[in-house]
Amino acid sequence: MSSAASWSYTATATVWPLLGRDDWTGALSFGAPVPIACDYSSESKRMTDAAGVEFVTRQIVYTERADIKQGDRLLIGASTEADPVAAGAFEVRSVTRDGDTFDRVADDYTVAT
């Protein structure tokens, strides 16, 4: 974690990585919950995902965590619940990579649900 992130990313969020979809049932499967350091805001803003589909954001999370991807589930706060739906997590719709302005150690990511 860069020095700027250590004082700015003081909140915790939980990410459930999307592992795949069952070929027969269509059910999604997710990995174990992973806590991440972040900051966040609630903002209703029209955005476009990687497929070009417009959506309105619910939450925007700022983090240095580079492995979050579209389709993962994200919850602001810490959770050990194995099921992201039961935990109340939202689908990650967009991930944007931004440069590390201060330290050039680790890029920053804006994650929209």
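- Annotation: Tyr109, atom OH; neighbour count of heavy atoms from other residues, nucleotides and ligands within 6.0 Å is above 12.
- The backbone N or O of Pro17 lies less than 3.5 Å from no partner atom in the side chain of Lys69, so there is not a single donor-acceptor pair.
- Of the candidates Asp107, Asp67, Asp108, Arg97 forms a salt bridge (Lys or Arg N to Asp or Glu O under 4.0 Å) with just one, namely Asp107.
- Here the closest heavy-atom approach between residue Trp16 and residue Gly31 is recorded as CD1-O, 3.5 Å.
- When all heavy atoms of Leu75 and Gly88 are compared, the closest pair comes out as CD1-O, 3.8 Å.
- Looking at Asp98 and Thr110, their side chains come closer than 4.5 Å, going by heavy atoms from C-beta outward.
- The backbone N or O of Thr113 lies less than 3.5 Å from no partner atom in the side chain of Arg93, so there is not a single donor-acceptor pair.
- Listed here is the closest heavy atom pair of Pro35 and Thr12: CB-CG2, 4.2 Å.
- Side-chain contact between Ile76 and Gln59: present, with at least one pair of heavy atoms (C-beta onward) separated by less than 4.5 Å.
- Each side-chain hydrogen bond (donor to acceptor under 3.5 Å, both in side chains) pair with one or both residues in residues 22-39, not counting sequence neighbours, appears once here: Asp22-Thr25.
- Of the possible donor and acceptor atoms, one in the side chain of Thr63 sits under 3.5 Å from a partner among the backbone N and O of Ala37.
- Leu74 has its side chain within reach of Val61: a pair of non-hydrogen atoms, C-beta onward, lies under 4.5 Å apart.
- In this structure, the separation between CZ on Phe30 and CG on Leu18 is 5.0 Å, given to the nearest 0.5 Å.
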Indicate every side-chain donor-acceptor pair of residues 78-85 with a distance under 3.5 Å to a residue at least two apart or in another chain.
residue: Ser79; atom: OG; partner: Glu81; partner atom: N; Å: 3.1
residue: Glu81; atom: OE2; partner: Asp83; partner atom: N; Å: 3.3
residue: Asp83; atom: OD1; partner: Val85; partner atom: N; Å: 3.0

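- Considering CD1 of Ile68 and CZ of Arg73, their distance stands at 13.5 Å, rounded to 0.5 Å.
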